[in-house]
Engineer: 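First the structure, which I've put down as structure tokens, then a few questions once you've had a look.
Predicted, not measured: the structure shown is a model, and the values here were computed from it. We name chains A, B, ... by the order of the sequence lines, and we start the count at 1 in each one.
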Amino acid sequence: MAKQQALTSQTEDFSAWYNELVYKADLVDLGPVRGAFVIRPYGYALWEHVQRELDAMFKATGHENLSFPMLIPMSYFQREAKHVEGFSPELAVVTHAGGVPLEEPLAIRPTSETIIGELYAKWIQSYRDLPLLYNQWCNVVRWELRTRPFLRTTEFLWQEGHTAHADEAEARAEVRTMLDVYGTFAEEFGAVPVIRGEKTVGERFAGAEQTLTIEAMMRDGKALQTGTSHYLGTNFSKAFDITFNDRNNEQAYAHTTSWGFSTRFIGALIMAHGDDAGLVLPPRLAPHQVVIVPMGRSDDDEGRARVTAEVTRIATGLRAAGVRVKVDDRDGMSPGWKFNEWERKGVPLRVEIGPRDVDAGTALVKDRLEADKATVALPELLAHLVEGLEAFHHKLFERARAFREKHTREVFTYDELKEQVEVGFAIATHCGDPASEATIQAETKATVRCIPLEGIPVGESRCVHTGEPSPYAHKVVFAKAY
RNA sequence: CGGGGCGUAGCGCAGCCUGGUAGCGCACAUCGUUCGGGACGAUGGGGUCGGAGGUUCGAAUCCUCUCGCCCCGACCA
């Protein structure tokens, strides 16, 4: 067995590092259609854990799941002016079916506000029917010009929540609640620290009154939006006639929201935590939290048997404790090969155990984030691993947070801003003028990622670009973004 | 759509300039030796050279036309 070609290092070419890793860690493969990627079992397992945890959080906040059709009549998109303007360029449309041209072409959903609006109009009659708190896990298609695995793909998996409320305050509270669910999830499960904030007018979802976002920093200093929550006002209610009789028996438009979280988050996990050896996965989402590599000569039947017995005992104990454990007893591969493979795949903890260890009553434990291996007595191994996983999560989160802080700087001049967005986030006062944002983007490639919900007060400071006063409460985050 | 590449074995590539009927590494299979950080040897299987025309006695190689993919830029979760 020879050396597999090493990954391009992050410092040499971050983009190449990412592109190689998604294949070499068995996360994705190319499909036959441009930009439509196959998510392989190791990558899909990550998504399944995302789904399981997020879904539980949705249920805990009162939401129910349902499923809407993937095909949407084209005319639905025309009904909300900004929505059609925003999505038309990336619609994939079915024009033929059953061997004949369709009377009305059908769009493959890029998001479901329109078709859901149509049905909500039917389901909602009275204030007693509200709020409607629904969510669906599904796939959507957006015809993107340039694609990258997980970050921007023609078809992607996500969940989209769609709620309807009797009044604005309740709808806005829902939008904020779901943003917090996303933020909590990203940090508590993904170990990815995020900034919660609001999008500027230009970055808003097509058809929304307000878009909230969570933004994370990748290890190249660029920003990635990993979840969004929108207050849609009565825009879609007016377009789809979602009305109800209120307590005074007067007809009113419902206030709707939508919020989404996609497989893009897997890209965030890769780029926020990965290193030159490969992935580093957060234990709470990792497909395998612990991998056990049995050592010893393959022709040493007696030694093997003792090791296998011990490995089985350890694995059984771990599983009983709720730990996802993988025993790598594949033949014909050297231990070194396996070590490299599991490191590339980002497994948090690895246990090495051979006849010598069994005799000594110990095992070696390797932590993906540490250079040295620890020798652990077998009776303490289970507790060591369980605690190790917990500690790993916090180390990973702290490391990502420290990285973000190191690459974030408050700037006071346009020159400083230009300099800072080359290495990370620039915090600055901005006047909110879309034209100014556009100029800054053209000149620096950086955009306002968000106006943080909590941050540095603007005070008397003036816009770093135009010198005008700022309409925002806080200084904004400028960064290059994926 | 603009700018760069590239299509030859499962993967990565050489061969093309200077035509002579396909090769290397990895992977795969068998056997032996190995076995605690990417093992080694021997043997073996596997390719209508992206597609279509053309030139030629003969085309992976030369000519024309096509199709596709990847990377970099403009749109986006």
Engineer: With a non-hydrogen cut-off below 4.0 angstrom, is S15(A) in contact with a base, only sugar-phosphate, or nothing?
Structural biologist: sugar-phosphate

Engineer: Assign G354(A) to base, sugar-phosphate, or nothing according to its heavy-atom contacts below 4.0 angstrom with the strands shown.
Structural biologist: base

Engineer: Which part of the nucleic acid does R350(A) contact within heavy-atom distance under 4.0 Å: base, sugar-phosphate only, or nothing?
Structural biologist: base

Engineer: Is the base of G36(B) touched by the side chain of K373(A) through a donor-acceptor pair closer than 3.5 angstrom?
Structural biologist: no

Engineer: Determine which nucleotide pairs with U56(B), using a 3.5 Å limit on both distances of a Watson-Crick or G-U wobble pair.
Structural biologist: none

Engineer: Select one nucleotide: of C70(B), A77(B), G38(B), the one nearest the side-chain heavy atoms of T228(A).
Structural biologist: A77(B)

Engineer: In this structure, how many angstroms lie between the C1' atom of A77(B) and the CH2 atom of W158(A), rounded?
Structural biologist: 7 Å

Engineer: Of K199(A), R404(A), R196(A), K480(A), which is the lone residue that meets salt bridge (Lys or Arg N to Asp or Glu O under 4.0 Å) with E215(A)?
Structural biologist: K199(A)

Engineer: Given that both distances must come in under 3.5 Å, which nucleotide forms a Watson-Crick or G-U wobble pair with A42(B)?
Structural biologist: U30(B)

Engineer: Where do R176(A) and L453(A) land on the side chain to side chain contact (heavy atoms under 4.5 Å, CB included) test, with the steps shown first?
Structural biologist: CA-CA 10 Å; R176(A) 183 56 211 271; L453(A) 297 178; 3.5 Å; yes

Engineer: Going by 5.5 Å between centroids and 30° between planes, is there a stack of F156(A) over A77(B)?
Structural biologist: yes

Engineer: Of all the heavy-atom pairs spanning H165(A) and L133(A), show the shortest one and how long it is.
Structural biologist: CE1-CD2, 3.7 Å

Engineer: Taking the six-membered ring for Trp, are F58(A) and Y182(A) parallel (under 30°), tilted (30 to 60°) or perpendicular (over 60°)?
Structural biologist: perpendicular

Engineer: Considering only the C1' atoms, how many Å lie between U8(B) and G23(B), rounded to the nearest integer?
Structural biologist: 10 Å

Engineer: May I have the distance from N19(A) (atom CG) to G5(B) (atom P), rounded to whole angstrom?
Structural biologist: 19 Å

Engineer: Let me know the distance between CE of M295(A) and C1' of U34(B), rounded to the nearest Å.
Structural biologist: 14 Å

Engineer: For the C1' atoms, the ones on G58(B) and on G46(B), what distance do you get once it is rounded to whole angstrom?
Structural biologist: 27 Å

Engineer: Reckon R146(A) has a side-chain N or O less than 4.0 Å from the OP1 or OP2 of C76(B)?
Structural biologist: no

Engineer: What is the minimum heavy-atom distance between L30(A) and F37(A), and which atoms define it?
Structural biologist: CD2-CE2, 3.6 Å

Engineer: Can you tell me the base-pairing partner of C69(B)? Count Watson-Crick or G-U wobble geometry only, both distances below 3.5 Å, and say none if there is no partner.
Structural biologist: G5(B)

Engineer: Between K24(A) and C11(B), is there a contact of a side-chain N or O with OP1 or OP2 at under 4.0 Å?
Structural biologist: no

Engineer: Measuring only the P atom in each nucleotide, how far is U55(B) from C63(B)? A whole number of Å is fine.
Structural biologist: 15 Å

Engineer: Reckon S258(A) touches a base, only the sugar-phosphate, or nothing at all at heavy-atom distances under 4.0 Å?
Structural biologist: nothing

Engineer: Which nucleotide wins on minimum distance to the side chain of D299(A), given the candidates C70(B), A39(B), C35(B)?
Structural biologist: C35(B)

Engineer: Starting at atom CD of E20(A), determine the distance to atom P of C11(B), rounded to an integer number of angstrom.
Structural biologist: 17 Å

Engineer: Would the base of G38(B) count as contacting E343(A) through its side chain, where contact means a donor and an acceptor less than 3.5 Å apart?
Structural biologist: no

Engineer: Hey, does the side-chain of S298(A) have a donor or acceptor N/O within less than 3.5 Å of a partner on the base of C35(B)?
Structural biologist: yes

Engineer: Has R297(A) got a side-chain N or O lying under 4.0 Å from the OP1 or OP2 atom of C35(B)?
Structural biologist: yes

Engineer: What is the distance, to the nearest angstrom, from the CG atom on D357(A) to the C1' atom on G36(B)?
Structural biologist: 8 Å

Engineer: Just how far, in rounded Å, is P of A74(B) from CG of L145(A)?
Structural biologist: 11 Å

Engineer: Pick the P atom in G15(B) and in G2(B), then give their distance to the nearest Å.
Structural biologist: 30 Å

Engineer: G38(B), OP1 or OP2 - any side-chain N/O from S334(A) closer than 4.0 Å?
Structural biologist: no

Engineer: Which comes earlier along RNA chain B counting from the 5' end, the contact point of T147(A) or that of A371(A), where each point is its nearest nucleotide?
Structural biologist: A371(A)

Engineer: What's the gap between U18(B) and A60(B) when it is taken at their C1' atoms, as a whole Å value?
Structural biologist: 15 Å

Engineer: Rounded to the Å, how far apart are R368(A) CZ and G37(B) P?
Structural biologist: 18 Å

Engineer: What salt bridge (charged side-chain N to carboxylate O under 4.0 Å, His left out) pairs are there with at least one residue in residues 268-278 of chain A, not counting sequence neighbours?
Structural biologist: D275(A)-R368(A)

Engineer: Check D300(A), D301(A), D299(A) against R297(A) for a salt bridge (Lys or Arg N to Asp or Glu O under 4.0 Å) and give me the one that passes.
Structural biologist: D299(A)

Engineer: Under 4.0 Å, heavy atoms only, any strand: does P355(A) hit a base, just the sugar-phosphate, or nothing?
Structural biologist: base

Engineer: If I pick the P atom on C11(B) and the same atom on A27(B), what distance separates them, to the nearest angstrom?
Structural biologist: 15 Å

Engineer: With heavy atoms under 4.0 Å as the rule, sort P335(A) into base, sugar-phosphate or nothing.
Structural biologist: sugar-phosphate

Engineer: Going by modelled atom types, is there a donor-acceptor pair between the base of C76(B) and the side chain of R152(A) at under 3.5 Å?
Structural biologist: yes

Engineer: Pick the nucleotide of RNA chain B nearest each of G35(A) and T263(A); which residue has the one closer to the 5' end?
Structural biologist: G35(A)

Engineer: Rounded off to whole Å, could you give me the CG-to-P distance for the D300(A) and U34(B) pair?
Structural biologist: 13 Å

Engineer: Only one of K24(A), R350(A), K338(A) forms a salt bridge (Lys or Arg N to Asp or Glu O under 4.0 Å) with E343(A), so which one is it?
Structural biologist: R350(A)

Engineer: For U34(B) versus C70(B), give the span between their C1' atoms, rounded off to a whole number of Å.
Structural biologist: 40 Å

Engineer: Taking the same atom, P, in G36(B) and in C49(B), what whole-Å distance lies between them?
Structural biologist: 44 Å

